[in-house]
Structures are given as C-alpha cells and as structure tokens.
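Handing you this structure, nothing more for now.
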Number of protein chains: 2
Amino acid sequence: MTDTSRYTVDATETSLAVLETLVASEDPLGVTAVAETVGVSKGVAHNHLSTLCTNGYVTKNDGTYSPSLQLLSMGSRTRDRHAIYEAAKHQVNNLATATGETATLFVNENGEGVPIHIAETPDGWSPPFHEGSRIPLHLTAPGKAILSSLPEENANTILETHDLVSSTDATMTDRSELVSQLQRIRDDGISFCREEHYEGIIGVAAPISTATDTLTAAIGVCGPATRLNGRFLEEDITGQVLSTTKSVYVNLA
Amino acid sequence: MTDTSRYTVDATETSLAVLETLVASEDPLGVTAVAETVGVSKGVAHNHLSTLCTNGYVTKNDGTYSPSLQLLSMGSRTRDRHAIYEAAKHQVNNLATATGETATLFVNENGEGVPIHIAETPDGWSPPFHEGSRIPLHLTAPGKAILSSLPEENANTILETHDLVSSTDATMTDRSELVSQLQRIRDDGISFCREEHYEGIIGVAAPISTATDTLTAAIGVCGPATRLNGRFLEEDITGQVLSTTKSVYVNLA
DNA sequence: TACCTTGTTCTAGAGTGCAGAACGAACCGG
DNA sequence: CCGGTTCGTTCTGCACTCTAGAACAAGGTA
C-alpha cells in the first residue's frame, strides 16, 4: 500500500510517472519500455498511455510515444502567471546582449529557485540547467539574492525545511556562514556564486526590489569561470546587473 | 459511462481536468471552485489536488491552488526534443532584431502548427498566441509553409482529418483554393498570411529545407497590419526570412 | 454569539483499474 | 518461406480504489 497520505489518487500517480518517463527519455518509448520503467504491467501502461494520448499530453508515432508540446503550452501559461516575467524579459535579453553572457531571471517557488527565463548568447555555451528547473536557493547567485531579500521569517522557514545540500566542493553547507553571507548581500545589493553549483561556473545576481513584498525574483549573469573571471568588476557586469534590476523595478511601477 | 475507448483511466482524466482548470484560471483557485468547474464533489477535487501537489505539479498557498513551474520544466524539455529548436533559436532572435518585428519558429505536431519559439521585440506588441499553442496549419503563414513542404500524401491526410475551420473573414476555407496557394508557395519558397488567423495581423514565413524529410518547420515574421503593410517587400523582410531559413539549413548540416 | 462559507476528513459500496494471459502483426535469420 | 521472437493491443474477473455525500474544523462577518 503506497500510503503517501491516505487520500492519494494512485491512478493519477501512475499516469504522471508514465508522463515523466517519456519526458525523461531522449527518444520515443514503446509500451514495454514504459511498463518496465514505471513498474506496471504492459496492459496498464497501455491504458495510461492511450489516456494521455487522447487528452493531448502524449503523441504516438509508429507505436512509440513521446510527450507533446501541450506541456510547453501549459508551462508557458504558468510562467505568464508570474507578472515579473513580462516586466523583465526584455531587460534580461538586453543584459545578455550587453554582456555577451547568459542572463537569467529566477523566481522563488516553494523555497526553491526556478529560472523562468534564460537569455543565451549565440556563442554556443548553455547553462547546465533549463527553464523550470528547481534549484536549491543556496546554490546560485540569484537564489542567494532571493534568500537575502525575503522577509527574515520566510527565509528561516526555507532554511529549516530545505537542507543545504552540497553540489560541489565550494557549496556553502554551513548555515551560519550562509546567514552572514546573506547579510553581506543585503548590504551590497549584489550576490556572487563561485562554482558552488557547478564546477567551473560562476555568476552574479541582484534581487529585484519591489514596493510590495509579494514578488521575489532576481536577475543574474553566469558563465564559465575561465571566461568570466575578473570581468564582473573589470567590465562592470555587476553594475549592469544592478541597473537592470533597477530598470525592472521602474517598469513594474 | 464516459466510454472514450473502453481502456481509459478515468481518474487520470479527472486529474488532468483539475490541472487544466488551474492553468486556465487567472488566479489561484480553491477546492470548491475546482470541484464546480470540473464537475466532481469537493472531497474528490481535494484528493486530486493533493495528489498533484505531492507530485509537484501544483502548489498550495493559503488553501488556494496554482499550477507549478514543473510544467515549464517539462515543457521546455519537450521543446528541446525538437532538434530544430537548438539549431534555429538564435537565428530567429536575430531575425526579430533585424526586422524590429516578432519572429516565430513553428513545427508540425500531429497536423497542427505549434510555435516553439517566439522572439518578441521590446515595443510591447505580443502576438495573440503563445508558445505551445496548437494552431490549424492553414491559418498562419508558417503553417502554410509547413503544409507546402510536406510530402504530398502527408499533406493530404492532414487536410482530410482537419477541417479548414474559419477564424476570420479572410480565412481560406476552400480546399482547392488552398491547394493552389500551396503550389504557389512551393514555387516561390515563401508564404504569406493576410489576416486569415486574426483581424489586423499579417505575416510572412518560409519553410526550413532539410536534407532528410523528417523535419518540418518554418520561420516567420508577423505583426499588426497597420505597421507591417508593404514592408515585407519594401524593406525586404521577405528576403530576410528566406536567408534566415537558409542559414538554419546550413546550421543543421 | 450565531451563521455563513471555506478546506479537510471520513465512510461504505459501486465500479474501475489492475495483473496476467492471449491475440495478432511485424520483423528476422535460416 | 517458415518457426521464433518481440512488439502493441485486447481481454477477463476479482480486489480494492475512487467516488459521492455527509460530517467536521476553522475563519470570517454581522
């Protein structure tokens, strides 16, 4: 008995597992492969796949199944619910163009950092996360910027419910050390990440100030340390991030 | 008995209806509102909502529910399955910058046109559709470009299974007329839309040629007729669309 | 305080989703 | 051309899950 909370719809969980299996796979999958991955019988996998199919979440080609772009539609609708996205996306694009580096817009969802816009440059480098990923707040520059600008009690509940999981050697796993760094971020208005999330990747970010406290988001720039080292200050990328967040603030008013 | 095909998982359909209700709503919804919209009892709505919640598809705040950015994550993963997206996104961005107008990348999914990338300009105008929407192929310039470049039998099955639904007065609802227009598009390599999808919006598009016939996609430019009229030829926006698709072709090789 | 209206929990039984087996089609090597 | 394998699909009956509806708790309002 998979008793997560007594009032859980098992069939739904099976369907979601099927869908996630398809999304996670590189290539289209057949019924048998899905059944094995999810751990159900072939017949059941078939029932769930055809249900997802008739509802438009999955497409079928030559007996193999793939997730459909309906997910993109719902995802983009969900992103549009965050007012900050419309208010900031062009400025984030401009930031990427001006710096020649990847610029990102992060929001806080349930105590985790989620990039809802990633503006890449045509140089071919892409960050190792994608739009919609959940990334622990303490791991990235935008995440720490968000943490630093949250009301203190909210930040504390987040730190209590989410472990400071380690991602690289540089990850900040000590809470008191993190708290003092957050204070420095509050003082300076700027947040840095030095390979704390991925080896070889560094970033800067600043929180987006808001009149009301309902919004919490941050804008950042990140890229390979080999290319970016020193440039945050030398080329004033830091200043560009700050003025971007300020112009978004004006845009919101 | 909702007998769509005898082997359908009803509980899954209920959960999907719940999720879609949340996505469609502007604001977070409570249990009662969801129950009414979906047409189930309060208790059942609650079960499905908490199932979606524990699985990360929905977030809960003060007793109201919203769709979560997990949908964006899965949507963006699904988009990344289309190799054309990586190959074309920067060129589409450049096209938008060069023309000062909205540029789009469409693919064909199950006989419908789906924009998987929309590059807007900072002028504030946004197209009335969003990434992931399904749009009948005959309604848009990119859609017709796709139809024209499909192998003839595939195009025919699409025209047989999808009605030429009317969207505006200008919509092409006559099949033979459409077929002859498609031939012209094949000859010219370029496709136009003159308010056939929405009043006041016009567009140009060209299909992306491919060595293998597996890919079918198109790149276009669209915007308000009041601003765009005449400029397709005068400013050679048409030529820019064409050279963009050519450079993507090279990029794919 | 009394009375709404929320969200949540509970229960019992109708009916549905489940495993597993059987079917048919496609493919492959001999 | 044919036995063997593997696939997707269909089938069946029973166990158990999901459902409706009622009851409960918690807030808000007058």
Side-chain angles (χ1 to χ4, degrees), chain A residues 1-68 110, chain B residues 1-68 110 153 214:
Chain A
M1 191 170 297
T2 48
D3 189 332
T4 27
S5 114
R6 176 86 202 278
Y7 300 110
T8 314
V9 185
D10 285 0
T12 295
E13 297 204 315
T14 305
S15 279
L16 294 177
V18 167
L19 189 60
E20 283 161 22
T21 302
L22 293 182
V23 170
S25 155
E26 297 258 328
D27 302 303
L29 293 179
V31 174
T32 310
V34 171
E36 275 170 11
T37 311
V38 176
V40 292
S41 69
K42 253 193 323 179
V44 170
H46 184 259
N47 291 348
H48 285 271
L49 283 167
S50 35
T51 303
L52 290 168
C53 236
T54 60
N55 286 81
Y57 287 77
V58 162
T59 65
K60 183 182 178 182
N61 259 321
D62 297 328
T64 65
Y65 298 84
S66 315
S68 100
N110 279 90
Chain B
M1 190 172 298
T2 48
D3 190 330
T4 26
S5 117
R6 176 88 203 279
Y7 298 111
T8 315
V9 184
D10 283 359
T12 296
E13 296 203 317
T14 305
S15 280
L16 294 178
V18 167
L19 190 59
E20 283 160 23
T21 302
L22 293 181
V23 170
S25 156
E26 296 258 326
D27 302 302
L29 293 178
V31 174
T32 312
V34 170
E36 275 168 13
T37 311
V38 175
V40 292
S41 69
K42 252 193 325 177
V44 169
H46 185 259
N47 292 347
H48 285 270
L49 283 167
S50 34
T51 303
L52 290 168
C53 235
T54 59
N55 286 83
Y57 288 77
V58 162
T59 65
K60 183 183 178 182
N61 259 322
D62 296 329
T64 64
Y65 298 84
S66 315
S68 99
N110 279 90
E153 59 165 293
T214 50

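Chain A is the first sequence line, chain B the second, and so forth, proteins listed ahead of strands; every chain is numbered from 1.
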Quiz item: Separation of A:His48 atom NE2 from C:dA19 atom C1', in whole Å?
Solution: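 Computing the A:His48:NE2 to C:dA19:C1' distance gives 12 Å.
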Practice problem: Working to the nearest 0.5 Å, report the span between OH of B:Tyr65 and OG of B:Ser50. | Solution: 6.0 Å
Quiz item: Counting only non-hydrogen atoms, which of residues 37-45 of chain A are less than 4.0 Å from DNA chain D?
Solution: A:Lys42, A:Gly43
Self-check item: For A:Thr51, all residues meeting side chain to side chain contact (heavy atoms under 4.5 Å, CB included), sequence neighbours excluded
Solution: A:Asn55, B:Thr8, B:Val9, B:Thr12, B:Glu13
Quiz prompt | Min side-chain heavy-atom separation A:Pro67-A:Val23 under 4.5 Å | solution =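 Contact flag for A:Pro67/A:Val23 side chains = yes.
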Self-check item: Between D:dG27 (C1') and B:Asp62 (CG): distance, integer Å
Solution: 12 Å
Practice problem: Would you indicate, yes or no, if C:dT6 has its OP1 or OP2 atom less than 4.0 angstrom from a side-chain nitrogen or oxygen of B:Tyr65? | Solution: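 Result: no.
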Practice problem: Give a yes or no answer on whether the side chain of B:Thr64 reaches the backbone of B:Asn61 with a donor-acceptor pair at less than 3.5 Å. | Solution: yes
Practice problem: To the nearest 0.5 angstrom, please state how far the CG atom of A:Leu19 sits from the OH atom of B:Tyr57. | Solution: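 Separation between the atoms: 5.0 Å.
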Exercise. Ignoring hydrogens and angles, state whether a donor on the side chain of B:His48 or B:Ser15 is under 3.5 Å from an acceptor on the partner side chain.
Key: yes
Self-check item: Inter-residue atom distance A:Ser68.OG - A:Lys60.NZ, 0.5 Å rounding
Solution: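 Reported value, rounded in 0.5 Å steps: 15.0 Å.
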Quiz item: With respect to the phosphate group of D:dG8, does any side-chain polar atom (N or O) of A:His46 fall under 4.0 Å of OP1 or OP2?
Solution: no
Atom pairs and distances, side-chain donor-acceptor, residues 26-42 of chain B, under 3.5 Å, sequence neighbours left out:
from    : atom 1 : to      : atom 2 : distance (Å)
B:Thr37 : OG1    : B:Ala33 : O      : 2.8
B:Ser41 : OG     : B:Val44 : N      : 3.4

Quiz prompt | Atom-to-atom span, NZ of B:Lys60 to C1' of C:dG7 - whole angstrom | solution =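 Spelled out: NZ on B:Lys60 to C1' on C:dG7 is 8 Å.
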Quiz item: Contacts to DNA chain D from residues 20-31 of chain A, heavy-atom cutoff under 4.0 Å, which residues?
Solution: A:Gly30, A:Val31
Exercise. Determine whether B:Thr59 and B:Ser66 make a side-chain contact, defined as any pair of heavy atoms from C-beta on separated by less than 4.5 Å.
Key: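 Side-chain contact under 4.5 Å: yes.
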Quiz prompt | Given C:dT16, C:dC18, D:dT19, the nucleotide with the shortest approach to the side chain of B:Asp10 | solution = C:dT16
Quiz item: Is there a side-chain polar atom (N or O) of A:Thr32 under 4.0 Å from OP1 or OP2 of D:dT6?
Solution: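 A:Thr32 to D:dT6 OP1/OP2: no side-chain N or O under 4.0 Å.
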Quiz item: Rounded to the Å, how far apart are B:Asn47 CG and D:dT19 P?
Solution: 7 Å
Exercise. Could you tell me the separation between the CG atom of B:Leu49 and the P atom of D:dT19, rounded to a whole number of Å?
Key: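 Whole-Å distance recorded here is 12 Å.
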Quiz prompt | Interatomic distance, A:Leu49 atom CG to A:Thr54 atom OG1 [nearest 0.5 angstrom] | solution = 11.0 Å
What nitrogen or oxygen pairs link the protein and nucleotides 25-27 of chain C at under 3.5 Å?
none

Exercise. Measure from CD on B:Glu36 to C1' on C:dG7 and round the result to the nearest Å.
Key: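 Rounded to whole Å, this separation is 14 Å.
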Self-check item: Stems where DNA chain C pairs, listed by first number, each of three or more Watson-Crick or G-U pairs under 3.5 Å
Solution: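 Runs of three or more consecutive pairs: C:1-23 with D:8-30, C:25-27 with D:4-6.
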Exercise. Please state how far atom CG in A:Asn61 lies from atom P in D:dC7, giving the value in whole angstrom units.
Key: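 Rounded to whole Å, this separation is 19 Å.
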Exercise. State whether B:Ser50 places a side-chain N or O below 4.0 Å from either non-bridging phosphate oxygen (OP1 or OP2) of C:dT8.
Key: no
